[in-house]
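These notes concern the structure reproduced below.
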Amino acid sequence: MNPKFEFPQGFLWGTATAAHQVEGNNINSDVWLMEHVPETPYVEPSGDACDHYHRYRSDIALLAELGFNSYRFSIEWARIEPEEGEFSLAVLEHYRDVLRTCHEHGITPIVTYHHFSSPRWLIASGGWESAETPDKFARYCERATQYLGDLIGTACTINEANIASLIVEWEFAPPPRQRNKQIWWKATAKALGISLRRLAPFLYATSSKAIDIILSAHHKGVEAIKSASGDFPVGITLALQDIQAVEGGEKRAAKARKAINDVYLEALSGDDFLGVQIYSRVRYGPKGLLPPETGVELTQMEYEFWPEALEAAIRDAVAKTGLPVIVTENGIATTDDTRRVEYVRRALHGVINCLKDGLDIRGYTYWSAFDNYEWSLGYRPTFGLISVDRETQERTVKPSARWLGAIARDNGFEAQ
Ligand code: BGC
C-alpha cells in the first residue's frame, strides 16, 4: 500500500451549491423568468429545487457529520435586492443564519456573491452588457458584506466569470444576430420591457464589451467587499478548460485558450486567490472543436471522463497568475456512484502532484453537495454526493459522500 499523503493543515474540504440550483422559488431572478417563457430551452422549471432555503440547517449539519470542513454556497442578489436600491434585511438575516449554522458545525463558509442568476431589474436595465452594472454589483457587495462580513470565511465575487466566452466559443447559444428568430428570447425581452438588443443575462452576455463589464464588476466588487471591512480572502472563479490540440489543431487550440482562459487569468493580479473549476478536457483539430474521442467514457453531461484535467488546469492557472488556488468546483454527473469515487480519486491525485511540487492549493470543493437543478438541463444530471427525492425532498447519502467525507476528516489520502 502507498503511504498516506497528508494535506496541508487547514486544507478546505468542501462541497458546493448555488442559490438558484438548490434554494427553490427564486422567482425574482432572470433565470426563473427564462424558465417560464414560451419555448424556453430550459427542459423544466427549477420549482422548489432542493428547498435548501428552508432545509439549510439539516443540510449543513449533514455535511459536517460526513466530515467536510467547508461549504461553498451563493447568496442570491435577486432576493437580497429585489428592486433596485431596496435591500431586504429579512433575507440578509436568513443568510446570516446560514453562515451562523456553518460556524456552529465547524464549517468554513465560502460565499459566492453572484452565481449565474441576477435580479430581473438588473437585466431590465441592460444586464451584463451595461456599463452601469459594475457599480450596481459593487453596491450590492458592499451592503451584503456590511451585514454578513464578520461571518464569511472566504468570498468569490463572480462564479465562472468566463462562462459566456465559453458559450460563444463553443456555439452553445446562437449568435446575437439570430436571436430575433427565437421565440423564448423575444418573450424574455418583452417580459422585461426591453428591446432584444439590450437583453444580456449573465449566461448569454456574449458581446465583447461584456468581458470588460464582468471583469470590472469583479474588481469593483473586491474593492467594495474589502472596504466594507471584509477581512477574508476574496477571489473570482473561472470555468477553466484543459484545451488539448491534436495534430494540426495547435492554432485553433491556442486561440480558444486565449479566449476562454487567458483573457481572464491575465486580469486577476491583486486577488487573494483564484477559484479553479473544471470538469473535463476538450480537444481541438485543424477545423476547431472535436467531438469526444472514441472509446473514452462519457459522463451524463456527455463530457469525457477526464479527471486529469484538474491537474492541468491548476498548473496552467498558477503559471499564468501566480495566485493561490482553491478548487471551487470539480465533479461528475453520473448515475454510477462508483465512477464518482474513481473520478475524484484521480482528480485528487492531480492535486497531490501539484502540492508535492510546492503549488499553493488551499482546498478542494466537490460539485455538488446535492443532486440539483442543472440549469437548462433540469434535474436529470446528477452531480450530487447526496441525492434528493423530487417528491419528498428526502436526502440520501451516496457512498461517495462517505468516502470523500472520510478523506476530509482525515485530511489525508492513501494514494493508490
Ligand atoms: C457551474 C454550476 C454547474 C456545474 C455543473 C459549473 O459550470 O458553476 O452551476 O451546475 O458547473 O455543470
Side-chain angles (χ1 to χ4, degrees), residues 14-24 26 29-32 34-35 41-44 46 49-50 52 71-78 110-118 155-170 172-173 201-205 214 218 235-242 260-261 264 274-282 298-307 309-310 313 326-335 340 343-344 347 364-388:
T15 64
T17 61
H20 190 83
Q21 295 176 269
V22 293
E23 285 183 346
N26 187 18
S29 68
D30 57 344
V31 181
W32 182 276
M34 292 188 290
E35 290 166 18
Y42 288 72
V43 299
E44 57 185 320
S46 50
C50 302
H52 187 61
Y71 174 43
R72 174 174 177 246
F73 62 94
S74 69
I75 53 175
E76 180 58 55
W77 188 1
I110 303 179
V111 173
T112 303
Y113 283 63
H114 184 273
H115 193 126
F116 294 172
S117 49
S118 307
C156 311
T157 52
I158 295 178
N159 179 69
E160 298 193 340
N162 59 336
I163 190 81
S165 295
L166 191 150
I167 285 172
V168 176
E169 173 69 28
W170 295 344
F172 284 164
F202 187 80
L203 288 168
Y204 308 101
I214 290 168
H218 164 62
I236 197 168
T237 85
L238 295 176
L240 293 173
Q241 302 301 320
D242 175 12
I260 298 175
N261 297 347
Y264 296 87
L274 168 66
V276 167
Q277 311 195 166
I278 186 155
Y279 292 86
S280 187
R281 69 159 185 179
V282 286
L298 295 183
T299 72
Q300 278 180 315
M301 300 290 283
E302 311 223 329
Y303 301 160
E304 288 181 333
F305 182 99
W306 206 269
L310 177 60
I326 300 177
V327 178
T328 40
E329 282 184 31
N330 178 244
I332 177 174
T334 178
T335 52
R340 190 177 336 274
Y343 180 94
V344 177
Y364 176 86
T365 316
Y366 179 81
W367 181 274
S368 175
F370 307 102
D371 289 342
N372 63 40
Y373 186 66
E374 181 56 23
W375 307 107
S376 61
L377 301 180
Y379 289 99
R380 189 189 57 85
T382 46
F383 280 93
L385 294 174
I386 298 164
S387 70
V388 176

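Each ligand, and each atom within it, is numbered from 1 in the order the structure gives. If you're wondering where the values come from, they're calculated on a predicted model, not measured in any experiment.
- In this structure, H52 and Y71 have perpendicular ring planes: the angle between them is above 60°, well past the 30° mark.
- Donor-acceptor pairing under 3.5 Å is lacking for the side chains of S280 and E304.
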Considering only N or O atoms, set out every pair between ligand 1 and the protein closer than 3.5 Å, with distances to one decimal place.
unit_1	atom_1	unit_2	atom_2	d
ligand 1	7 (O)	E160	OE1	2.6
ligand 1	7 (O)	E160	OE2	3.1
ligand 1	8 (O)	H115	NE2	3.1
ligand 1	8 (O)	N159	ND2	2.9
ligand 1	8 (O)	E329	OE1	3.1
ligand 1	8 (O)	E329	OE2	2.8
ligand 1	9 (O)	Q21	OE1	2.7
ligand 1	9 (O)	H115	NE2	2.8
ligand 1	9 (O)	W375	NE1	3.0
ligand 1	10 (O)	Q21	NE2	2.9
ligand 1	10 (O)	W367	NE1	3.3
ligand 1	10 (O)	E374	OE1	2.6
ligand 1	11 (O)	Y279	OH	3.3
ligand 1	11 (O)	E329	OE1	3.3
ligand 1	12 (O)	E374	OE2	2.6

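- Closest approach of A49 to G24, counting heavy atoms only: CB-N, 3.5 Å.
- Ring geometry, H20 versus W375: the interplanar angle falls under 30°, so the pair is classed parallel (tilted spans 30 to 60°).
- Neither side chain, E160 nor T237, offers a donor N or O lying under 3.5 Å from an acceptor on the other.
- Under a 3.5 Å cut-off, the side chain of N261 and the backbone N or O of L240 do not form any donor-acceptor pair.
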